[in-house]
Amino acid sequence: MDKPVLAATLSILGTKLSDDEKKLFEQFNPLGVTLFAKNIESKQQLKKLTQEIRDVCGRNDVLIAIDQEGGRVRRLREPEFRSYASQIDLGKTEKYFGFEKTLETVRNHALLIAQDLLECGINWNYAPCLDIAYPETSDVLKSRCFGNDEKKIALLGKAAIDAYLASTICPCIKHIPGHGRANVDPHLQLPILENSLSELKKDFYPFRFNRHAPAGMTAHIVIREVDDKHPVTQSKIAIDKIIRGEIGFDGFLISDSINMNALKGSISDRALACLEAGCDAVCYCYGDIGEMTDFCKRCPVLTDKSRIRLAKIENIFKNKPQIQEYNKLEEDYARVCGSIEKYDDKYDATETLRLMEKIKLQEN
């Protein structure tokens, strides 16, 4: 019988596993590991690290995840990796080249990212972002949206999803059921939406259109009309009624980072609340070995229903990647993305999370 899998992706502090991290992974068999820029110093080192994680966990299908959206949110950076446009810049290419070319460029964007990930042993990307950009959208998110037109976002999102699947990378749509109306950063505080459900149907549309995606990430937002006490991530009402109900998403549902200040309580309490609400797994991002050990002792394993959803993702990894003419794709992608006026993005969510992590580790 397969060893039970912990309902969580964990994280590590450095560019290789410490002895304590190895023991933890061997003991608790986490669903996967989320990697950040601090874990990457070169392509060769990253290949060794991802293989080390697989060896320690004893599973070739362990999820090795990363945020490689493009723009500011990219963990794999130059000079060893390609430069990638933000999603808002990808959406803006329509003004210059027309929508069909934008679709092709988004597809190429995902195919090229997928090639980078496959070369390094990464099999899961927390992308694409299907949120809608509004005037009030927090700077943490605005550059990560394809634009304001929900139908356009839905189609561009599908192009990215299909490209990742063709490359045997699991895409993870985010942030369900829609984070665009939040005017505060959930890394720092909990966004609360006063909008009616009829207003929010626009925000739900890109997710409903792509409801058959294999994986999705929740939004740390309160929708008062549905549940005025809990963020969606920890709300059984919101997950059942909106995500699984109105949107119709039945893929693998993982929480956004449980380390964000939008959630309250101990890490274990946060995780349990997410899982009890209906998330299949939680995402832990700080790499604090003491905190992870306590958290793992309390965190349950995947349920049977979650294992069924996970099996569909594991089947993606068994497929053969479709061969692409990457040099041609890269040339065309660079030409299109290099010909547009870039979005002036001054907010770095990665730095915010790293600062929070640093403060947390100093406190301990």
Side-chain angles (χ1 to χ4, degrees), residues 1-13 17 21-36 39 49-68 75 117 121-127 164 168-174 176 213-218 233-234 239 249-259 263 267-268 270-289 291-318:
M1 181 180 291
D2 292 340
K3 183 179 177 182
V5 176
L6 194 76
T9 59
L10 304 181
S11 58
I12 62 175
L13 284 179
L17 295 180
E21 288 166 346
K22 289 178 183 178
K23 291 175 185 175
L24 186 75
F25 290 3
E26 287 171 351
Q27 180 179 357
F28 291 102
N29 193 29
L31 171 68
V33 177
T34 299
L35 299 177
F36 295 90
N39 306 128
L49 174 59
T50 56
Q51 187 57 53
E52 184 180 28
I53 292 169
R54 287 187 169 88
D55 291 344
V56 168
C57 292
R59 300 178 1 245
N60 285 327
D61 58 8
V62 62
L63 303 184
I64 301 182
I66 202 162
D67 282 291
Q68 191 71 357
R75 312 300 185 223
L117 302 187
I122 297 167
N123 55 18
W124 174 300
N125 193 11
Y126 293 119
Y164 283 123
T168 69
I169 296 293
C170 180
C172 181
I173 58 176
K174 61 187 185 185
I176 305 177
M217 174 176 276
T218 60
T233 302
Q234 297 177 328
I239 290 176
F249 177 75
D250 194 39
F252 194 92
L253 188 65
I254 190 167
S255 75
D256 203 345
S257 170
I258 58 174
N259 304 94
L263 305 184
I267 288 297
S268 296
R270 296 180 190 191
L272 291 173
C274 296
L275 297 170
E276 288 167 2
C279 290
D280 292 299
V282 295
C283 178
Y284 174 89
C285 296
Y286 275 4
D288 182 319
I289 193 67
E291 193 170 60
M292 278 198 297
T293 301
D294 292 340
F295 156 58
C296 287
K297 288 177 180 178
R298 291 187 63 192
C299 185
V301 297
L302 293 178
T303 65
D304 289 343
K305 186 173 281 189
S306 297
R307 288 299 297 260
I308 291 170
R309 292 179 179 132
L310 179 62
K312 295 178 182 178
I313 293 172
E314 291 167 345
N315 285 335
I316 296 169
F317 306 151
K318 295 174 184 176

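Quick caveat, the model's predicted, so the values are computed rather than measured.
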Look up atom [atom1] in [X] and atom [atom2] in [Y], then write down how far apart they are to the nearest 0.5 Å.
X      : Y      : atom1 : atom2 : value
Asn315 : Thr168 : CG    : OG1   : 12.5 Å
Ile66  : Leu35  : CD1   : CG    : 5.5 Å
Ile313 : Lys318 : CD1   : NZ    : 12.5 Å
Arg270 : Thr233 : CZ    : OG1   : 11.5 Å
Leu302 : Ile308 : CG    : CD1   : 11.5 Å
Tyr284 : Ile267 : OH    : CD1   : 6.0 Å

Backbone N/O of Ala311 and side chain of Asp61: donor-acceptor pair under 3.5 Å: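 No, Asp61 side chain to Ala311 backbone: no donor-acceptor pair under 3.5 Å.
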Exam field: side chain Thr9 to backbone Leu31, donor-acceptor pair closer than 3.5 Å: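 Not confirmed, Thr9 side chain does not pair with Leu31 backbone.
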Could you pull out the closest heavy-atom pair between [X] and [Y], with the gap in Å?
X      : Y      : answer
Ser255 : Cys283 : OG-N, 3.1 Å
Val282 : Cys274 : CG1-CB, 3.6 Å
Leu17  : Glu52  : N-OE1, 3.2 Å
Gly287 : Ser11  : N-OG, 2.8 Å
Leu275 : Cys279 : CD2-O, 3.5 Å
Cys170 : Ala215 : SG-CB, 4.0 Å

Any side-chain heavy-atom pair of [X] and [Y] under 4.5 Å:
X      : Y      : value
Ile254 : Tyr126 : yes
Arg54  : Ile64  : yes
Asn29  : Leu6   : no
Gln68  : Ile169 : no
Ile12  : Leu49  : yes
Val33  : Asn39  : no
Met217 : Cys172 : yes
Arg59  : Lys3   : no

Residues Glu21, Leu13; criterion side chain to side chain contact (heavy atoms under 4.5 Å, CB included); working and verdict: CA-CA 9 Å; Glu21 288 166 346; Leu13 284 179; 4.1 Å; yes
Asp67: side chain to side chain donor-acceptor pair (under 3.5 Å) partners, not counting sequence neighbours: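 Result, side chain to side chain donor-acceptor pair (under 3.5 Å) vs Asp67: Arg75, Lys174.
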Contacts under 3.5 angstrom, residues 292-301 side chains, donor-acceptor by atom type, not counting sequence neighbours:
unit_1	atom_1	unit_2	atom_2	d
Thr293	OG1	Ile289	O	2.7
Arg298	NH1	Asp269	OD1	3.0
Arg298	NH2	Asp269	OD1	3.3

